[in-house]
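Below is one structure; the comments refer to it alone.
The figures here come from the full heavy-atom set of this structure, side chains too, leaving out hydrogens, waters and symmetry mates. Note that ligands are numbered from 1 as they come in the structure, with each ligand's atoms numbered from 1 the same way.
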Amino acid sequence: MKLLITKGHIVDPSQGIDGIGNILIEDGKIKEVRIEPGEQRAKSKERKSEVRKSGSEIIDASGLAVFPGLVDMHVHLREPGFEYKETISTGTRAAIKGGFTTVCCMPNTNPVNDHASVTEFIIRKAKQEGHCTVYPIGAITKGQKGEELAEIGTMKNEGCIAFSDDGQPVMNSMIMRRALEYSKAFNVPVISHCEDLTLSEGGVINEGLISVTRGLRGIPAEAEMIMVFRDILLAELTGGKIHIAHVSAEGSVDLIRYAKKKGMQVTAETCPHYFSITEESVETYDANAKVNPPLRTKRDVDAIRRGLQDDTIDVIATDHAPHHMDEKLREFDQAPSGISGLETALGLSLRLVDEGVLTLKQLVEKMALNPSRILGIQKGTLTAGSDADIVIVDMKKRYKVSAEKFASKGKNTPFEGWELRGLPIFTFSKGKMYEW
Ligand SMILES: [Zn+2]
């Protein structure tokens, strides 16, 4: 089985590639990437964004962008236990549609992925029904209760590539210290959901003017910042690998920047909603904009963008958190947190390129290469011999976000009706082609 993608604008930071060229795929692997000498990027702009397939073996990608398949290190696939929200099948289909070929699923399922048997179930199910590569993330503590460490070693052997109690913080510093010691011993990152529950308890939106005027309990940015700094210090103490999940606040960006300057080992991610919208989105009590940590102020959004720009923030992850519509229609206080993010992430992130915040190379780094490096997986690259995980994007294509058309079961998005640019039109997962 051979397939040739021709004349696409290939961006692959792992090999320093940014030019027009061809990619040869053979038996689900990348055989060769060849850049045409002298071909200028500008040329591709003159070409029409149209796709012609001659036979089944050649895809003409003239005028289109070609990236390594995107890697999302933070999704909730909901299976086992919450199949009414999402399944491994629907979630991975949403991933493919959004340009992602690898997703890492958080352990807050039912049962919690705190045991090798659950890890085994997820991996088996993903092989049977999944559309892209799925790596499970194991729980740090049993039942994500924050009390007793889960069996990190056996879960790692079964296939977990990171550990997190995401959705819940590990409040006990001694337990977090032990988890980081394990992370060092097993060479896997601990992904921290940073939230001091004693400060955030009962809060549903950012603490500030809007929480006061709307009569909703607020969560101060300090609830995040305190834990960000605690975890950086514990990583320093133990030599463990800490990755800070869903950074939302200016102060957290400052702390991570400071730590990196000091040479401390820390990596961080943010999500498209934290650089696209502010707490004003919940002024109307729209539960589709209810997330944890909460949307914050314009000042925070600007700081997140600067953090992405200067590489303080390494990764853009979706925190894809599908919910059933009925749940999001509950009263704001009662509605669950989260956004169905896989199918809007690329378009929202490309806005940063349009606005000059990120280069295209940086975008591919943050959405493919960096998460792969943090997790130690051979993904996010078009190197010969790698899985043929590729996304071909029509960068000029404008479209309106319509949750109704999501492949995800979760239609919960605050971006309904937004006009975005840049649509994946072919996604290859281990050489298997999906066309949209
Ligand atoms: Zn999450």
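Residue Glu419 forms a salt bridge (Lys or Arg N to Asp or Glu O under 4.0 Å) with just one option from Lys400, Arg398, Arg351, and that option is Arg398.
The residues Lys262 and Glu236 are annotated as not salt-bridged, no charged nitrogen and carboxylate oxygen being separated by less than 4.0 angstrom.
Classified by interplanar angle (parallel below 30°, tilted 30° to 60°, perpendicular above 60°), the ring pair Phe332/Tyr285 is perpendicular.
Scanning both residues, Met227 and Asp196, for their nearest heavy atoms gives CG-N, 3.5 Å.
The atom of Asp319 that is an N, O or S and sits closest to the Zn ion (ligand 1) is OD1. Within Asp166, the N/O/S atom positioned nearest the Zn ion (ligand 1) carries the name OD2.
For the Zn ion (ligand 1), the N/O/S atoms of His74 include one lying under 2.8 Å. Taking backbone and side chain together, His246 holds no N, O or S atom under 2.8 Å from the Zn ion (ligand 1).
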